[in-house]
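Just so it is clear, the structure is predicted and the values come from calculations on it, not from any experiment.
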Amino acid sequence: MSDTPKEVTLLLIEDDDIDAMSVTRAFNKMSLANKIIRATDGLEGLEMLRSGAVPSPYIILLDLQMPRLNGLEFLDEIRQDPKLAKSIVFVLTTSKSDEDMTASYKKNIAGYFVKEQVGEGFLDIVKMLKGYWKIVHFPEN
């Protein structure tokens with residue numbers, strides 16, 4: 001096992017262009033050069049993961065309210081897929097609903113963030129993610 005951390009790819013599954021730009025801007029502001037790949041809904045994100053378009057290791061930033069395949073449905077799909085079941089997923093959503101939060105954690109997410117924290121609060125989320133992938137060891141596959 002190498003002690004040099006691999007570059008972590010971010011898969012942003014977000015249907016809102018403004019929110020996607022805010023996420024990208026926050027990563028740029030923190031001088032993080034990690035590759036960000038965007039899917040506009042859960043179905044597209046699932047297809048990208050299954051086709052190998054997202055290099056490993058990766059972290060998924062997932063919105064919940066999306067067309068075609070929403071975030072909770074996406075989580076159901078990846079948790080049932082042996083190749084994707086151990087994917088690291090952070091939910092990034094506008095929903096403050098206890099039901100959405102509980103349902104997300106039951107599907108083994110790593111964290112739940114509310115989008116109203118975009119701005120200075122969101123920079124704290126980016127700092128946390130940066131620290132996370134610098135200290136966590138990812139499996140080879």
Side-chain angles (χ1 to χ4, degrees), residues 1 3-141:
M1 181 174 79
D3 286 339
T4 307
K6 283 183 156 183
E7 192 65 29
V8 176
T9 300
L10 295 169
L11 174 59
L12 174 63
I13 305 177
E14 170 63 66
D15 64 320
D16 186 278
D17 291 339
I18 305 286
D19 287 345
M21 285 190 316
S22 296
V23 170
T24 304
R25 214 175 290 125
F27 276 87
N28 290 338
K29 192 170 187 175
M30 296 292 299
S31 300
L32 297 176
N34 297 67
K35 183 174 185 176
I36 299 175
I37 297 172
R38 180 180 173 207
T40 55
D41 61 39
L43 191 58
E44 184 182 10
L46 198 58
E47 289 167 355
M48 290 174 141
L49 288 166
R50 288 182 171 152
S51 73
V54 181
S56 202
Y58 59 83
I59 291 175
I60 300 168
L61 297 178
L62 178 67
D63 186 21
L64 291 184
Q65 281 85 33
M66 295 179 293
R68 296 200 308 163
L69 189 70
N70 71 37
L72 293 173
E73 293 165 336
F74 171 85
L75 286 168
D76 282 338
E77 287 290 324
I78 66 166
R79 295 306 182 220
Q80 293 172 28
D81 184 323
K83 291 182 180 174
L84 303 175
K86 294 181 181 171
S87 295
I88 298 165
V89 180
F90 288 90
V91 169
L92 184 61
T93 184
T94 56
S95 175
K96 295 180 184 176
S97 155
D98 283 340
E99 292 82 14
D100 283 345
M101 195 179 307
T102 299
S104 296
Y105 277 111
K106 282 183 178 178
K107 296 173 193 316
N108 300 316
I109 63 163
Y112 191 100
F113 303 108
V114 178
K115 283 185 197 172
E116 73 180 16
Q117 296 167 308
V118 171
E120 286 307 309
F122 188 71
L123 291 179
D124 290 336
I125 294 169
V126 174
K127 286 178 195 171
M128 186 280 310
L129 287 170
K130 178 181 178 182
Y132 181 88
W133 67 64
K134 284 191 181 254
I135 61 172
V136 169
H137 292 270
F138 293 88
E140 291 300 316
N141 286 327

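In this structure, M66 and D41 approach most closely via the heavy-atom pair SD-CA, 3.7 Å. Across every non-hydrogen atom of V91 and T93, the tightest pair is CG1-CG2, 3.6 Å. When all heavy atoms of P67 and D15 are compared, the pair lying nearest together is CD-OD2, 3.6 Å. T94 approaches V114 most closely through the heavy-atom pair O-CG1, 4.1 Å. When all heavy atoms of L84 and S87 are compared, the closest pair comes out as O-OG, 2.7 Å. For E44 against R68, the heavy-atom pair with the smallest separation is N-NH2, 3.9 Å.
Note: L62 CG to N70 CG = 8.5 Å, rounded to the nearest 0.5 Å. Expressed to the nearest 0.5 Å, how far CD1 of I59 lies from CD1 of I36 amounts to 11.5 Å. In this structure, CE on M101 lies 8.5 Å from CD1 on I109, to the nearest 0.5 angstrom. If you take OG1 on T40 and CG on D16, they are separated by 11.5 Å, rounding to the nearest 0.5 Å.
Listed by chain and number, the residues in a salt bridge (charged side-chain N to carboxylate O under 4.0 Å, His left out) with K86 amount to none (sequence neighbours excluded).
At a threshold of 4.5 Å between non-hydrogen side-chain atoms, the residues S104 and V89 do not count as touching. Contact annotation: the side chain of R38 approaches that of D17 to within less than 4.5 Å [non-hydrogen atoms, C-beta and beyond]. Between E77 and D81, the closest side-chain pair of non-hydrogen atoms is not below 4.5 Å. Within the 4.5 Å cutoff, side-chain heavy atoms of F74 are placed close to those of I60. At a threshold of 4.5 Å between non-hydrogen side-chain atoms, the residues L72 and K107 count as touching.
Between the S51 side chain and the M48 main chain, a donor and an acceptor come within less than 3.5 Å of each other. Using a distance-only test at 3.5 Å, with no hydrogens or angles considered, no donor-acceptor pair links the side chain of Y112 to the main chain of D100. Listed for the R79 side chain is a donor-acceptor partner under 3.5 Å among the backbone atoms of N108.
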query = Going through the checks in order, is the side-chain contact (heavy atoms from CB on, under 4.5 Å) test met by D19 and L92?
reply = CA-CA 10 Å; D19 287 345; L92 184 61; over 6 Å; no

query = So Y58 and L49, side-chain contact (heavy atoms from CB on, under 4.5 Å) or not? Walk me through it.
reply = CA-CA 10 Å; Y58 59 83; L49 288 166; 3.6 Å; yes

